[in-house]
Amino acid sequence: MTSPLNLAIYKNYYDNAARESAVTFEEAKDCFPLFAKGLSEKYLHAKTLEEAPDYLANVFRPFPFSNGREIYLPAIFDVFESRDDNWRAYRVYTAVQAGQWEAGSFDRPARALIDRDEPLAWIASFLGTFAIPVLATDIFITLENIRISTQMARRFAGFASDLAYFLQRLGSPVEPFNHRLILWNLFFAAMGFSFAVPAGILEHAVSLKREGAGLKESLQATGAIYDKLEPGCKSRFSPFMPADMREVGGFPRDIMRLAGSDKVNQRQYFEDSLADLDFYSYPVAAGSGEFVTKKILGDRLNGNVEPKRQAEATITGSGGCVDATLFSYPEWDYLAQGYRKGWVTVLEYSPQRSDPEKAGNLLREWDDLVREVIRQFRMLRFQERAWRKRLEWGEEIDIDQAVASDVERRGGLPGSDKVYMERRRVSRNVSALFLLDLSASTSSAIDEGAHRGESVLEVLLAGTAIMARALGQLGDRYGIYGFSGYGRNGVELLRLKSLNENLSNDVWGRISGLDPMRSTRMGAAIRHAHHLLGRETAPLKIMIILSDGYPQDFDYGEDRADREYGLHDTAKALREVEADCIVPFCLTVDAAGNDYLRRMCPPHGYMVLKSVEDLPAQLPKVYIRLREL
Amino acid sequence: MPTSSEVPCEEHVFEAEPFYLPVKDEVELFEAAYKARLPVNLKGPTGCGKTRFLEYMCWRLGKEGGFEIPLITVACHEDLTAGDLVGRYLLHGEETVWVDGPLAAAVKQGAVCYLDEVVEARKDTMVLIHPLADHRRMLPLEKKGTFIRANPNFLLVVSYNPGYQSMLKDMKFSTRQRFAAIDFGYPQRELETRIIAGEAGVDNDIAEKLALLGERSRNVGETALEEGPSTRLLIYAARLMAQGVEPRRACETAIVLPVSDDPVVQQVLRDLAATVFPQP
């Protein structure tokens, strides 16, 4: 078996009774992707070891192997006595995997006939040419672990000491009853430990420690060691190998189908293996097409022509909508690094009115806050219109004060030095647009505090209503829109108050009649709000987005659970807004908002509220701060 | 006992050569711009050496020309008024006297006037420099009803940080297009190593590690960090180390805490420092 420490890391021996010194994946998952980006310039998503395919991470290896997009980390590190050391172990895990980019593990021949966007594709093709691809894969990853660890330790002295600390505790020789355990011993032997390995393989592994050793040398060494180990493995492969080692997930499973062929037809290999690979939209040129699912890709490879998508606007909106207009917007595909042109259809309309008297109920419990916000806004307006006089230093002489001071001095009194005036802030011309997330999740009830039992939407609306009341004091132009929808042809923008409209009973009726709707395709909503604000002439334009969760729709990415596509599209939409001199700000009541808003929004362009109830009080403060930019 | 000294702005000249290592051809470009009396815009992130470059150029040009070129620096801010730059009438006893602002002083004396972080200034204030920054080379004194023709040695230089500024504080096109621009970035690792070693007096190994840390910290990128650690901060860390502060602690004080208030980003920078500098 492998070392006890590695077994503990993989099997979470202590997960039921984690000590104070333990560090969990939840604590580490925000930091280490950014740490990996620092080391490798690539943002690598953090996944747990359990989520990693067996061929990339298993208990027989000292370190997992990144697929070029993800790093694999233990669900908990509770193997060392101090929290610092457990954190340190996470750091080593990340550095070795991020180091793959630094050390060139994903390099490929310039003219490789492989999809350029799949980091492991070329390596998979190479390893697939071996008679026992699993063996070749295991050798290759072990050698890469040696090469990368050495290179990283040579470059980063801190990593070198962390690595030495970790390996000293991890390394214990094991009985080499299968090839993976031989490779375990080989790794430690190559790293300077006195572990016994079969003759003729150590020198190949050690050769990768020299400066300048690259992927090519690693592949050559893989071939040399494979030739030494293969004869022993052939006889032992089936009877001794556990099932999960014979049938490993991901590309080796495809490669396994080729096991035994002496001569591999590369083209045939690719055609067979591509359909099962987790490929995602890479073959699609930027700005066109749609997601390539496994099925579509399989059909393409089989020569089947997929039916052309009918771009239909099938929106009918909520009942009774008026003044409906359709708009088409692009969407950013971060994988293709381009826009999907005309990809989203947005319907802007005024929703059905409810009884405006209901609006009174919205604010009933917020009376004190309404009064306070109105008072603050009134003062702000007053301050903005005032000249500052009686200053000791200023842009102009305040003639009245200068005369008064002179008179005082001539009368034998000490005249005041405060005889200047300065115009600091003058009244501002501002246009603001509030964008409310009306997704289904806003129907959830608040489970604590004074507003327990109210829905998130009710509090969002209360916050907006308070702003609507108070903004009249400042004279700013503002609009209120809600957004939701379902699918790329079904994004709805509900016009609650347009920028040109006064705060009338109609507006209150629309606000009070809102109900939670469906999904959160945020990028399209922001682009439409951008379009609306773009027509404004005010020198300061503000867009405030109020939401309760991350961007999400059933076709906003490869699948409903895919967050990345939506995050990137929304981030791009926000950058577009900024580039057009509009100030965007995201205010979320999602406690987990820090995780994604940091990546999605401009720095200082977001706020995560600990409690939904804080929103009505925080929103005016945010607005005033933005207004002072 | 050490003493301080007060020097009028217009007498701020450089007798000793300021330490500066060229990154690209910025020295030659600036010299050419000075000879052609073209106003210059220095663009680059904070702490990358813009001010030091200008100090060096004042020294160098003065040495070449055989005369001293003072450097008058104005740190721009949003309440900077035209009066702050040009001058104003002040009440002095029974009289009202005109007092030149730093820009007027520089124009008269033939100094280099450096408006640092120019986009922070109000746009209406910045319009004031337009006649100085084109072929007219004159500064109108609106309140006196006169104008000053610039001394032939006068040069206007502005700086701003395109990454840091929001679009709201961008330069007006009419201002922007009056300046030749020189782009500054953080130097490559090898050069930054030499700068750190030269500025802080630390050995090459420490300087190299700090430059490596700077390079990798800047990789963390705009999604998490508004701006990565500047060369200036790396030099601060080096100076702390030269004073005997343990390297990771010096990085914490000079890099991690100044760069970000976000606990996650701080931890990331801390981890990067720990990857570069071994545990004591």
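We name chains A, B, ... by the order of the sequence lines, and we start the count at 1 in each one. Only this structure's heavy atoms are used, side chains among them; waters, hydrogens and symmetry mates stay out. These numbers were taken from a predicted model, which means no experiment stands behind them.
The two residues B:Y89 and A:Y420 have their closest heavy-atom pair at O-CE2, 3.9 Å. Taking all atoms of both residues into account, the shortest heavy-atom contact from A:L34 to B:V220 is O-CG2, 3.9 Å. Across all non-hydrogen atoms, the minimal contact from A:F156 to B:T275 is CB-O, 3.1 Å.
A side chain to side chain contact (heavy atoms under 4.5 Å, CB included) with B:R216 holds for exactly one of A:E102, A:E41, A:K37; it is A:E102.
In this structure, A:R155 CZ and B:E208 CD are separated by 10.0 Å, a value rounded to the nearest 0.5 Å. The CD atom of A:E422 sits 5.5 Å away from atom OG1 of B:T81, with the distance rounded to the nearest 0.5 Å. In this structure, CD in B:Q279 is found 8.0 Å from OH in A:Y165, a value given to the nearest 0.5 Å. Of the inter-residue distances, the one linking B:N219 atom CG with A:L39 atom CG reads 8.5 Å to the nearest 0.5 angstrom.
Heavy-atom contacts from other residues, nucleotides or ligands closer than 6.0 Å to CD of B:E246 number more than 12. Residue B:R249 places its CZ atom among 12 or fewer non-hydrogen atoms of other residues, nucleotides or ligands, all under 6.0 Å distant. Within a 6.0 Å sphere centred on NZ of A:K418, heavy atoms belonging to other residues, nucleotides or ligands number 12 at most. Heavy atoms of other residues, nucleotides or ligands lying less than 6.0 angstrom from CZ of B:R194 number 12 at most. Atom OH of A:Y93 has more than 12 heavy atoms from other residues, nucleotides or ligands within 6.0 Å. For CZ of A:R390, the number of neighbouring non-hydrogen atoms (other residues, nucleotides, ligands) closer than 6.0 Å is 12 at most. Residue B:E142 places its CD atom among 12 or fewer non-hydrogen atoms of other residues, nucleotides or ligands, all under 6.0 Å distant.
Per-residue counts of heavy-atom pairs under 4.5 Å with chain A were compared for B:D271, B:V264, B:L212; the largest is that of B:D271. Put simply, of A:P602, A:S161, A:A157, A:G394, the one with the most heavy-atom pairs under 4.5 Å next to chain B is A:A157. In terms of heavy-atom pairs under 4.5 angstrom with chain A, the leader among B:L213, B:L90, B:D84 is B:L90. No other option in A:K42, A:M152, A:R88, A:R409 has as many heavy-atom pairs under 4.5 Å with chain B as A:R88.
With a threshold of 4.5 angstrom between heavy atoms, A:D406 approaches chain B through side-chain atoms but not through N, CA, C or O. Only the side chain of A:F32 comes within contact range of chain B, with at least one heavy atom under 4.5 Å from a heavy atom of that chain. Both the backbone and the side chain of A:D30 have a heavy atom closer than 4.5 Å to some heavy atom of chain B. With a 4.5 Å cut-off on non-hydrogen atoms, B:F277 touches chain A through its backbone but not through its side chain.
Partners of B:Q266 according to the side chain to side chain contact (heavy atoms under 4.5 Å, CB included) rule, which considers only residues two or more places apart in sequence or in another chain, are B:V256, B:L257, B:R270. Remark: B:A211 pairs with B:R189, B:E192, B:T193, B:I196 by the side chain to side chain contact (heavy atoms under 4.5 Å, CB included) rule, at least two apart or across chains.
Looking only at side-chain heavy atoms (C-beta outward), A:E27 and B:Q267 stay at 4.5 Å or farther from each other.
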